[in-house]
Amino acid sequence: MKGKWLVPLLLAASTLSVSAQPVANSDFVKGADVGFLMGQERHGVTFHDRNGNERECLELLKNDYQLSAIRMRVWVNPRGGTNDKYELLAMAQRAKALGMQLMVDFHYSDWWADPGKQPIPAAWLGHSYEQMKRDLHDHTVDVLTLLKDNGIEPRWVQVGNETTNGMLWSVKTDERGWEVRDSLGHTTITHSMGHFKTQPEQYAGFIRTGYDAVKEVFPNAIVIVHLDRGHRQDLYDNHLDTLLKYGGKWDMVGMSLYPYWAMDGHPELNADDIITDCIKNIRHVSEKYHCDVMIVETGFEVDEQHPEKMEEGRRQLARVISEARHDTNGHCRGVFYWEPQCLPGGYKLGAFNSQAAPTAIMEGFVEMRNER
């Protein structure tokens with residue numbers, strides 16, 4: 001949902017395996033995707049707390065805002081090494097040193113994978129379905145084995161990123177790699193091996209292959225299927241029913257929740273209704289599919305010219321965390337913010353200001369409803 005708005009780096013038939021039981025509130029996780037962080041640091045960004053003191057970013061997120069986990073994407077053969085397995089390892093080691101947990105987000109692409117595109121890695125193009133399953137398996141095992149050999153054990157692993165429309169299908173792109181859309185907003189698929197609508201059985205096969213590969217290295221890791229638009233129950237029913245029909249497997253469902261993007265072009269919607277619908281959908285998914293759920297991506301608008309927008313973001317984030325924790329029968333296991341440390345500019349939904357310091361949005365992480 002957010003990929004096309006980024007300026008890279010500084011700004012860029014089976015049953016489920018887990019029948020989850022309600023979790024104690026103490027096990028509820030607050031985290032952040034920080035895939036841009038090392039790139040920001042390479043470009044000289046230094047972070048500060050609300051008082052202007054220079055701080056290391058992960059330490060700031062943990063100690064001032066109660067975040068206990070990071071999420072890191074990993075690409076197959078990315079240009080320049082950004083978000084490759086070695087950058088993943090480096091960030092995982094930093095998180096472990098701080099006592100933070102790790103979520104690995106496999107994109108199965110050389111670049112961004114999202115609902116609008118799931119580009120087949122260049123090295124996999126032209127492969128048969130069976131060969132591409134081996135590619136996916138081998139890549140998953142390779143990355144996770146690197147972590148294991150270095151004493152890192154992720155708690156969660158996403159098999160694909162926002163795979164609402166499937167995975168491993170490419171579209172026509174411009175010179176930067178962004179999808180090209182016609183006047184009606186449509187893209188042109190150039191290669192496809194696992195599109196949800198046209199190749200659902202193959203898509204489910206990729207999900208199952210990824211699941212089995214994760215368990216091969218880390219049997220206790222929680223494997224996540226991640227979809228966007230967490231407020232859309234119809235989308236989740238259709239998608240997860242189809243995955244089960246064709247043998248897909250998962251332990252947990254990950255949701256993206258972005259009221260800002262959901263309202264974009266839809267003036268009939270409002271943020272509070274979107275949040276309400278997402279919380280309802282979390283309860284629905286956990287009950288129907290007997291699995292836990294996590295909000296693995298969320299974000300709210302930063303506009304330094306209008307401080308009231310950050311105050312509204314703080315309110316919405318606090319509400320999401322509180323209701324996810326208290327109002328889902330214990331089945332929502334946490335909330336992750338997508339790239340809170342992004343600076344304003346190319347990406348609108350970070351949570352830091354142009355001085356690389358937290359905005360009011362970040363206070364939403366520490367405002368919790370009293371225990372009931």
Side-chain angles (χ1 to χ4, degrees), residues 1-3 5 16 20 23 28-33 69 71 73 103 105 113-116 156 158-167 196 207 222-243 250-266 268-301 313 315-340 349 351 361 364-365:
M1 291 296 290
K2 67 283 166 191
W5 300 102
L16 304 185
V23 62
F28 186 88
V29 176
K30 291 180 284 186
D33 190 302
R71 176 177 181 258
R73 58 187 164 269
M103 179 186 296
D105 176 15
D114 54 45
W156 314 270
Q158 280 189 212
V159 175
N161 184 74
E162 290 189 327
T163 59
T164 312
N165 292 314
M167 67 167 66
F196 177 73
I207 292 292
I222 298 168
V223 179
I224 297 175
V225 167
H226 173 208
L227 311 179
D228 72 323
R229 290 171 288 176
H231 63 293
R232 289 277 307 276
Q233 179 181 317
D234 59 332
L235 183 156
Y236 282 73
D237 280 343
N238 180 47
H239 192 103
L240 298 175
D241 286 352
T242 299
L243 271 182
W250 67 87
D251 299 328
M252 177 182 284
V253 172
M255 295 182 178
S256 292
L257 170 60
Y258 291 105
Y260 181 93
W261 297 127
M263 293 187 295
D264 188 31
H266 294 277
E268 74 279 8
L269 301 178
N270 68 74
D272 280 308
D273 286 348
I274 290 164
I275 293 169
T276 295
D277 288 344
C278 184
I279 298 300
K280 288 180 180 178
N281 194 30
I282 291 171
R283 292 195 295 266
H284 169 78
V285 167
S286 66
E287 292 167 4
K288 180 176 179 179
Y289 299 101
H290 308 290
C291 66
D292 288 323
V293 179
M294 183 177 283
I295 297 174
V296 298
E297 292 190 22
T298 193
F300 304 90
E301 185 180 10
R315 183 192 70 82
Q316 291 181 33
L317 176 59
R319 182 190 165 197
V320 168
I321 293 173
S322 180
E323 293 187 19
R325 183 170 186 169
H326 293 275
D327 297 342
T328 60
N329 300 319
H331 286 302
C332 186
R333 298 286 180 136
V335 174
F336 280 68
Y337 201 106
W338 199 85
E339 301 283 3
L349 307 186
I361 295 171
F365 278 110

Quick one, Arg319 with Thr276, criterion side chain to side chain donor-acceptor pair (under 3.5 Å). Give me CA distance, side-chain angles, the key distance, then yes/no.
CA-CA 10 Å; Arg319 182 190 165 197; Thr276 295; 2.6 Å; yes
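- In this structure the side chain of Glu297 reaches within 4.5 angstrom of the side chain of Asn161, judged on heavy atoms.
- Remark: the backbone N or O of Arg73 is not paired with any side-chain donor or acceptor of Asp105 at under 3.5 angstrom.
- For the atom pair CD of Glu339 and CG of Leu349, the computed distance is 11.5 Å after rounding to the nearest 0.5 Å.
- The backbone N or O of Asp228 sits nowhere less than 3.5 Å from a side-chain atom of Tyr258 that would complete a donor-acceptor pair.
- Residue Leu243 holds its CG atom at 10.0 Å from CG of Asn238, rounded to the nearest 0.5 Å.
- Asn329 CG to Arg283 CZ: the interatomic distance, rounded to the nearest 0.5 Å, is 7.0 Å.
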Go through His284 and Tyr236 one step at a time and tell me if the side chain to side chain contact (heavy atoms under 4.5 Å, CB included) criterion holds.
CA-CA 10 Å; His284 169 78; Tyr236 282 73; 5.9 Å; no
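- Residues passing the side chain to side chain contact (heavy atoms under 4.5 Å, CB included) test with Gln316, sequence neighbours excluded: Pro259, Ala271, Ile275, Phe300, Glu312.
- Taking 4.5 Å as the limit, every side-chain heavy atom of Ile321 sits out of range of all side-chain heavy atoms of Tyr337.
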Side chain to side chain contact (heavy atoms under 4.5 Å, CB included) assessment of Ile282 paired with Ile295:
CA-CA 9 Å; Ile282 291 171; Ile295 297 174; 4.1 Å; yes
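- Using a 4.5 Å heavy-atom cutoff, the side chains of Leu240 and Lys288 are not in contact.
- Within the 3.5 Å criterion, the main-chain N or O of Leu257 finds a donor-acceptor partner in the side chain of Thr298.
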Using the side chain to side chain contact (heavy atoms under 4.5 Å, CB included) rule, take Tyr289 and Asp241 through it: C-alpha gap first, then chi angles, then the decisive distance, then the call.
CA-CA 9 Å; Tyr289 299 101; Asp241 286 352; 2.7 Å; yes
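- At a threshold of 4.5 Å between non-hydrogen side-chain atoms, the residues Thr163 and Leu227 count as touching.
- Between the side chains of Thr164 and His239, no donor-acceptor pair is found at a separation under 3.5 Å.
- Nearest heavy-atom pair across Lys30 and Phe365 is NZ-O, 2.6 Å.
- Closest non-hydrogen pair, Asp33 versus Pro340, comes out as O-CD, 3.6 Å.
- Put simply, the side chain of Met103 does not reach to within 4.5 Å of the side chain of Ile222, judged on heavy atoms.
- Atoms NE2 and CG, on His226 and Asp114 in that order, are 10.0 Å from each other to the nearest 0.5 Å.
- Distance check: Cys278 SG to Met255 CE gives 5.5 Å after rounding to the nearest 0.5 Å.
- Within the 4.5 Å cutoff, side-chain heavy atoms of Met252 are placed close to those of Met294.
- Formation of a donor-acceptor pair under 3.5 Å by the His331 side chain with backbone atoms of Asp292 is not found in this model.
- Taking the side chain as every heavy atom from C-beta outward, Arg229 and Trp261 never approach each other to under 4.5 Å.
- Nearest heavy-atom pair, Leu269 versus Ala262, reported as atom, atom and distance to 0.1 Å: CD1-O, 3.3 Å.
- With hydrogens and angles ignored, the 3.5 Å screen pairs a side-chain donor or acceptor of Thr328 with a backbone N or O of Ala324.
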Let's go through Phe336 and Val29 carefully: what are the C-alpha distance in whole Å and the side-chain angles of both, what is the deciding distance for side chain to side chain contact (heavy atoms under 4.5 Å, CB included) to 0.1 Å, and is it a yes or a no?
CA-CA 8 Å; Phe336 280 68; Val29 176; 4.1 Å; yes
